[in-house]
Every structure is written in C-alpha cells, then in structure tokens.
Protein chains: 2
Amino acid sequence: MIENSQLLYQCKDCSLRQLSTLIVHEDEFDPMCRNTVQLHFSKGETILKQGGRATNLLFLHRGVVKFSYRYDTGSNYIMTIITGPKLVGGANLFFRDINIFSLTAMEDCEVCMVDIEDFKGLALRNPTYVLAMIEQAMDMFQHSIFNFISLAHNHVNGRIATVLLYLWDHVYKDSEYKFTVSRKELAEFAACSHENVINTLSRFRREGLIEFEGKKIVILNHETLTEISKKG
Amino acid sequence: MIENSQLLYQCKDCSLRQLSTLIVHEDEFDPMCRNTVQLHFSKGETILKQGGRATNLLFLHRGVVKFSYRYDTGSNYIMTIITGPKLVGGANLFFRDINIFSLTAMEDCEVCMVDIEDFKGLALRNPTYVLAMIEQAMDMFQHSIFNFISLAHNHVNGRIATVLLYLWDHVYKDSEYKFTVSRKELAEFAACSHENVINTLSRFRREGLIEFEGKKIVILNHETLTEISKKG
DNA sequence: CCTGTAACATGAAATATTTCACCTTTTAGG
DNA sequence: CCTAAAAGGTGAAATATTTCATGTTACAGG
C-alpha cells in the first residue's frame, strides 16, 4: 500500500482494493500497489494514445473518460464514455499489446496505473479474481454493444436519444458535474454530423423532451426519449 | 472423453481439447467432456435463441454461425459471422444468464455444449486456462468492434466492402463452401437495405472488384476493396 | 478590454439512402 | 411437373443526412 499523504486517494479508500479484498487477501493485493502509480489528469488530457503500447492496467477512481478511435482522415469516433470507479484497462488489456483506442479525460480524473505483470501474477494465483475482473470489464462491453446496435438500427433521432439516455443514466446520473459533452462529441458518439446533433437537440427541446441549463442538458421526458431510442 | 462411434467428431480429434491440453492436463479436461453433448445443426437451424437462458458454453467445431439481434419490430441485425473451430459461448457466457443474441447455423455445424459449471470448475483450478479462453473469445469481439467502427464511420459502400472483406478473409477463406450469404443477410450485417446491397454489389461487379460464380461472391481486387473499406 | 478561436446555431443545396412498385429467376414442396 | 414463396434485380420517388455558407455567442490569451 502506498503511504503518501500527497495522494488525493489513499489506498485504504481505493474502491479497486475494496472490491479486490472481498476475493483475495490484503497480503496478496497490497504488494501490487507498490508498483502502482497514481496520476491526476485534467479535463481534456490524453490518458492513453491509440497505437501506443499497453503497458498498464488502468483503474479509474473518479472522473469521466472517453474511448475514441481516430481515422487516418482525422475524424473521430467515440466508442464509449465511462465514469469511475471502474476498471478501464480492459479493452486494451484483453485485446493486444497495442492500444486500439485513445482514452481522454472528459472531467478531471484520478487514475491508478497498475503494473500488468503484477496484476497477471495476482490473477494467476487467484482464478476467482480473474473472473470477477472480467465481469467488471464486460459490463462496459455490453453497454457499448447496445450503443452499437442502436447505431446500426436507428436513424439519427434514435441514436441521439440512445446516447443522451446512456449519458444521463450511466454517466452523469445524480451528478452535479456540468454536462460537459460538446455537440461535436455527441456527434462523434452518435456517428453523425454535429449540425445534425444541434438540429435534433433543438427539436427535442422544442418538443419539451429536454432542456438546456447553461451547458447542461437536462432530460425532462425520459419515457418518450426511450420510445424514440427504441423505435426511431 | 465420450466413447461413441456415432459421433462425427471423436473427442480425440477435438480442437478444444487439443488447445486445452496444452495448458491443463488431460485428466483435468476429460471429465468435463462426460457432461458434454455433441450436436449437429443443419443450415438455418437456431442454436441459441435471444432471450433464452444461457446454460451452456458452446464450442463450434465446424461450420459457420451468425450472431444476430432481433428487434421488436421484426428486423434483424447481424453482429458477427464466425467459422469454427471457435469458442462461441463467450458473449453469452461473460455477459449475463440470458442470451443477448440468437445464434443460427449458416452452414451445417458440429457443436459441443459444455456444462458451464464444469467449465467454471476447470477454470477455477487453472487460472492460465481462463486467460487463454478469454483471449480466444476476445478475438471475436475485436473483429466485431472493427465492423462496428466501419459501420459508424463509413457510408454504405465502405460498410459493404468491409463486410465482404471480413467474410472473405476470416470466414470463407480458402473454403470450398458455397458463399451462402444472401443479399438480405449482407444487408443485416452491413446495416442497410437489401436493395442497397444489391445495387452496390452490382456496381462492384461492373467495376471489376468482385465476380459472381453462381451463389458465390469472388473478390477479384482485394486492394481496391480495402481502400473503399477504409475511405468510403 | 480587445481579439481570435472554438462552439453553437440555422437554412439551403447536394448527396445518400430507403421505400415502393414492379419484374425475373431460383428454390422447395405437393 | 406445377406452383407458391423466396431471393435477386432495377429504377423512380420520397426521405434522411451531410455539406456548405453564414452568422452569432462564449471564452481564453495577450
């Protein structure tokens, strides 16, 4: 366990540790933390770069991050947006050595970079632990896949509704964060042009489904939006 | 090990067993097979039904299957198409108890239904084995995700090119199977109307990129199609 | 405080896609 | 062998979406 009063998050409060020590003994878990680096990322900073080596397992204590894929042409696609606490190294860990996606802080973030060999060591000695961690990571996949399905099946209306509901229910729910998702980012998430996002949001507002409070988008009519997300 | 001369695939030839016994001892693996049921599915048969209970881990010895998602409206979306030998229970295993997708045979298939508790037992005694199996299952996800990214980013041209290349390179490569993917199925995979598939395929043929041999689609110009898949 | 940049916004033209109507060919079943 | 159903195919009209042109607003740096 890292003993350092400078750290915002003391290891004793760490939710990964709390989760882990339900399964493995503290004496197994704590040594892993000695090689672990805790970092702060400001809003907008890149945490992992697409194409870079995946050397660490990431645990997001607090904050919001986006997984995005950049094309040669320069356009971006946001695969998913996740809020901590959550294991976010999964996609890069379980796939290959190279990061398939970039990871960018959308809010200030506290992240622990766990040494992957230490983690594998712990995992190999404790099979139940692997299964638990995989379950964690799969959660993320499941949401992504449902977003993808909405993408494949729906028109822009429905896709934007899906994305708004996802952000509301799973990322910014009960949060006092400003809803700092730009129209451009919403467009990259819903896979359409930013003009289309702007028009659609305006229409949703005129129809009383959502409301703008400064930067924040407030969902007024969850039910109708769910309808749109399913049918349109 | 199942001793039954009726079986098309004897356990000694099983590629899951060959793969597994690289990691775990035969004496660990073989007892699992005693509860395992080997089944044949004819082209078009449903192997797993969306919404049903996920009670088994599936290993596809031979054949081609599609993972598809059905909407209330009746329209289908094909998430991926894969060929054996491959562990195909992953998506349903690692997510929840309920099948998120239906699994349908697109060619005659040989499948083993492995008891999930037996598998978990084996996995828990052999952590390395879990990691190896997950790596297997992740392969499938990675391909799906790249298909999704193509879906999100490209116009129909590019999406159809992506789907054709995927089928050619990863499903029907070097195979003497008839390329029995109907226009309707291609449309469900590329997420567009079947008319659009028909038109696009005709255009690709006129441009000399592909050729029809009876039911089979033959890719003539892999390079240009790759270009289209990336840029269009 | 000024200024440039990025984000937000709107409408019209251009393009892409779906839907529909219709036809032909292939396939499966009686 | 006949027939109905399914799959393949085409083109035009309707619709959805993007692109472009333009302008406004918000915000950070000098």
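Sequence lines set the chain letters: A, B, ... in the order given, protein chains first and strands last, and positions in each chain run from 1.
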Visitor: Taking all non-hydrogen atoms of both residues into account, name the closest pair between A:I82 and A:K86 and its distance.
Guide: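 Distance-wise, the nearest heavy atoms are CG2-CD, 3.8 Å.
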Visitor: Quick one: closest heavy-atom pair of B:L151 and A:A152, and the distance?
Guide: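 Closest heavy-atom pair between B:L151 and A:A152: CD2-CB, 3.5 Å.
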Visitor: Mind listing the side-chain donor-acceptor pairs of residues 181-190 of chain A below 3.5 Å, one per line with the distance, residues two or more places apart or on another chain?
Guide:
from, atom 1, to, atom 2, distance (Å)
A:S182, OG, A:K184, N, 3.4
A:S182, OG, A:E185, N, 3.1
A:K184, NZ, A:E188, OE2, 3.4
A:E185, OE1, A:S182, N, 3.2
A:E185, OE2, A:K66, NZ, 2.9

Visitor: Please report the shortest heavy-atom distance between A:C109 and A:V65, naming the atom on each side.
Guide: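 The pair with the smallest heavy-atom distance is SG-CG1, 3.7 Å.
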Visitor: Return the value, rounded to whole Å, for the distance between atom CZ of A:R183 and atom C1' of C:dT10.
Guide: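 So the CZ-C1' distance, A:R183 to C:dT10, works out to 14 Å.
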Visitor: Do side-chain atoms of A:R205 reach the backbone of A:F212 as a donor and acceptor pair under 3.5 angstrom?
Guide: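 Between the backbone of A:F212 and the side chain of A:R205 there is no qualifying donor-acceptor contact (under 3.5 Å).
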Visitor: Between atom CD1 in B:I160 and atom P in D:dG8, what is the gap in whole Å?
Guide: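 One finds 13 Å between P of D:dG8 and CD1 of B:I160, rounded.
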Visitor: Within less than 4.0 Å of OP1 or OP2 of C:dA9, is there a side-chain N or O belonging to A:S202?
Guide: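 Answer is no, no contact under 4.0 Å.
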Visitor: Which of the following nucleotides, C:dA7, C:dT27, C:dA9, is nearest to the side chain of B:K215?
Guide: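 The listed nucleotide nearest to B:K215's side chain is C:dT27.
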Visitor: Could you give the NZ-to-P distance, from A:K184 to C:dA9, as a whole number of Å?
Guide: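 Whole-Å distance recorded here is 16 Å.
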Visitor: Which whole-number value in Å describes the distance from A:E185 CD to C:dC8 C1'?
Guide: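 Rounded to whole Å, this separation is 14 Å.
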Visitor: Got a salt bridge between A:K43 and A:E107, using NZ or NE/NH1/NH2 to carboxylate O under 4.0 Å?
Guide: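 Looking at A:K43 and A:E107, the cut-off is not met.
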Visitor: Rounded to whole Å, how long is the line connecting atom CD1 of A:I198 with atom P of C:dC8?
Guide: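 From A:I198 CD1 to C:dC8 P: 7 Å.
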Visitor: I need a per-nucleotide contact map over nucleotides 11-23 of chain D, read 5' to 3'. Cutoff is protein heavy atoms under 4.0 Å; write B for the base, S for backbone only, - otherwise.
Guide: -----SSBBB---
Visitor: Round to a whole Å and report the spacing from NE2 of B:H194 to C1' of D:dT10.
Guide: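 After rounding, the reported distance stands at 11 Å.
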Visitor: Rounded to the Å, how far apart are B:F204 CZ and D:dG9 C1'?
Guide: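 Taking atom C1' of D:dG9 as the reference, CZ of B:F204 is at 17 Å.
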